[in-house]
Number of protein chains: 2
Amino acid sequence: MNKRALSEAADKEAGLSGTKLQIAEAALQTLKTKGFAGASARAIAGEGSFNQALIFYHFGSVRNLLLAVLDLISERRMEEYGPTFERARTAPELADLARTIYAEDLERGYITVLGEMVSAGVTDASLGAEVAARIEPWIEMVQRKVEQLLNGTPFQALAAPRDLAFGLVSLYFGIDMLSHLQADQSRAQSLLDLATRLSVLVDAVLPSLREEMP
Amino acid sequence: MNKRALSEAADKEAGLSGTKLQIAEAALQTLKTKGFAGASARAIAGEGSFNQALIFYHFGSVRNLLLAVLDLISERRMEEYGPTFERARTAPELADLARTIYAEDLERGYITVLGEMVSAGVTDASLGAEVAARIEPWIEMVQRKVEQLLNGTPFQALAAPRDLAFGLVSLYFGIDMLSHLQADQSRAQSLLDLATRLSVLVDAVLPSLREEMP
DNA sequence: GTCTATACTTGGATAGAC
DNA sequence: GTCTATCCAAGTATAGAC
């Protein structure tokens with residue numbers, strides 16, 4: 001493998017490289033600053049200073065491009081958060097991680113884009129299914145962690161991990177959405193603080209519950 | 001007051017009557033069946049079999065009309081759920097009520113419309129503020145109930161009622177949104193079942209916690 | 001692969017007759 | 001207040017030159 005091939009491989013994200021990646025980055029940026037409603041082919045092309053027609057040449061449609069952006073940030077998030085998440089074992093660690101993830105999502109605009117695409121999926125049914133499929137891996141990831149955490153506790157019988165995971169992801173998007181609407185991030189921060197306090201409680205209680213089991 | 005005036009008063013909802021109400025109903029229906037993205041002036045006029053121009057004569061813009069619809073269902077929900085909600089005193093009563101409300105919201109399409117408008121508010125910043133203002137009363141209503149419920153328990157110090165209320169409403173919308181995306185209501189039902197089971201637990205624990213307080 | 005030019009569509013909104 | 005006709009803007013998408 002020569003030098004060029006190496007650098008190309010390094011640049012590949014979600015199967016995108018070169019112009020396609022450049023277009024996707026411009027779309028991501030537009031989604032961040034102008035929202036889904038403002039992410040037209042013209043706006044995206046303006047943002048990236050390339051020709052509008054390129055979008056259709058490379059992605060077929062604006063819709064496909066925006067879904068590709070969703071794949072792109074999904075991959076980036078999975079790479080960045082996945083390993084740490086899998087490693088976390090206690091409730092306080094997870095609460096802490098939630099705070100980090102929320103902060104990074106916010107800073108990089110990932111959460112904006114995720115929220116925009118999920119919202120757009122609600123208002124447009126045909127998009128909805130595509131977006132849902134891309135959210136699914138995240139629910140499953142949370143589910144695995146919930147299973148691990150509740151394993152051997154009485155909560156195992158009380159709540160199906162899949163339901164809890166769905167609820168937690170729903171909560172994440174719900175908070176993002178309402179914070180976004182009210183243009184106020186302070187409420188989300190308060191809730192993350194609350195999660196930290198609760199996680200300490202959970203951490204103190206869970207082990208004793210595990211011991212009580214046969 | 002004559003008979004006509006009485007019937008007019010009875011028909012007034014959110015300040016709408018006659019043609020305006022008719023237009024709003026058509027808009028509501030369109031929002032339910034075609035989503036926000038499909039709720040164009042032409043689509044709404046087609047749904048209600050009236051002239052497109054009437055929308056602009058009576059509401060000034062499609063946007064205003066859709067916000068009027070949000071006011072309309074907000075008022076209807078407040079009338080239908082408000083009294084029962086205010087009366088509820090225990091966690092199981094509230095869990096039960098949540099189930100009823102979710103089911104009714106679903107059946108009447110209120111939840112669809114709410115979700116559509118909130119989602120639209122996310123993708124369109126200028127709409128967002130208006131939608132946020134219309135969600136606010138619901139958060140406050142939940143907040144008052146949370147205050148009442150936690151009054152005299154150690155949780156009072158742990159979590160601000162306002163935060164909890166914001167979290168609960170976020171959860172409601174988040175669940176609605178993801179259920180909507182996946183076109184699967186079963187997960188929402190499971191979570192309502194879980195809420196019922198948890199409420200029994202809370203109900204058993206809260207009184208003893210209250211007694212422990214000085 | 002990229003650019004220019006343009007066809008086509010949809011939707012918001014208004015003017016003016018009735 | 002309601003209808004017809006129409007304007008205008010914005011957006012998707014394509015054809016064809018380079």
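Just so you know, these numbers come straight off a predicted model, no measurement behind them.
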Rounded interatomic separation in angstrom, taking [atom1] from [X] and [atom2] from [N]:
{"X": "A:Gln52", "N": "C:dA5", "atom1": "CD", "atom2": "P", "result": "13 Å"}
{"X": "A:Phe56", "N": "C:dC8", "atom1": "CZ", "atom2": "C1'", "result": "13 Å"}
{"X": "B:Ile55", "N": "C:dA13", "atom1": "CD1", "atom2": "C1'", "result": "11 Å"}
{"X": "B:Arg63", "N": "C:dG11", "atom1": "CZ", "atom2": "P", "result": "19 Å"}
{"X": "B:Leu54", "N": "C:dG12", "atom1": "CG", "atom2": "C1'", "result": "15 Å"}

Is the side chain of A:Lys145 donor-acceptor paired with the backbone N or O of A:Ala88 at a distance under 3.5 Å, no angle test?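 Yes.
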Sub-3.5 Å donor-acceptor pair from the side chain of A:Gln52 to the main-chain atoms of A:Ala41, do we have one?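 Answer holds: no.
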Aromatic ring proximity, centroids under 6.0 angstrom, B:Phe173 and A:Phe173: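 No, the ring centres sit 6.0 Å or more apart.
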First-last contacting nucleotides on DNA chain D - partner chain B, under 4.0 angstrom, heavy atom: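 Boundary nucleotides touching chain B, in 5' to 3' order, are D:dG1 to D:dT4.
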Between CG on residue B:Asp176 and CG on residue B:Leu106, distance to nearest 0.5 Å: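 One finds 8.0 Å between CG of B:Asp176 and CG of B:Leu106.
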Going by an N to O cut-off under 4.0 Å, is there a salt bridge joining A:Arg87 and A:Glu93?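 No.
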Assuming nearest nucleotide by heavy-atom distance, tell me which of A:Ala53 and B:Gly38 is located more 5' along DNA chain C.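 The residue mapped nearer the 5' terminus is A:Ala53.
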[atom1] ([X]) with more than 12 external heavy atoms under 6.0 Å:
{"X": "A:Phe85", "atom1": "CZ", "value": "yes"}
{"X": "A:Lys34", "atom1": "NZ", "value": "no"}
{"X": "A:Phe155", "atom1": "CZ", "value": "no"}

Using C1' atoms of five pairs at each end, report the bend of the helix from C:dG1-D:dC18 to C:dC18-D:dG1 rounded to 10 degrees.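 End-to-end axis angle: 10°.
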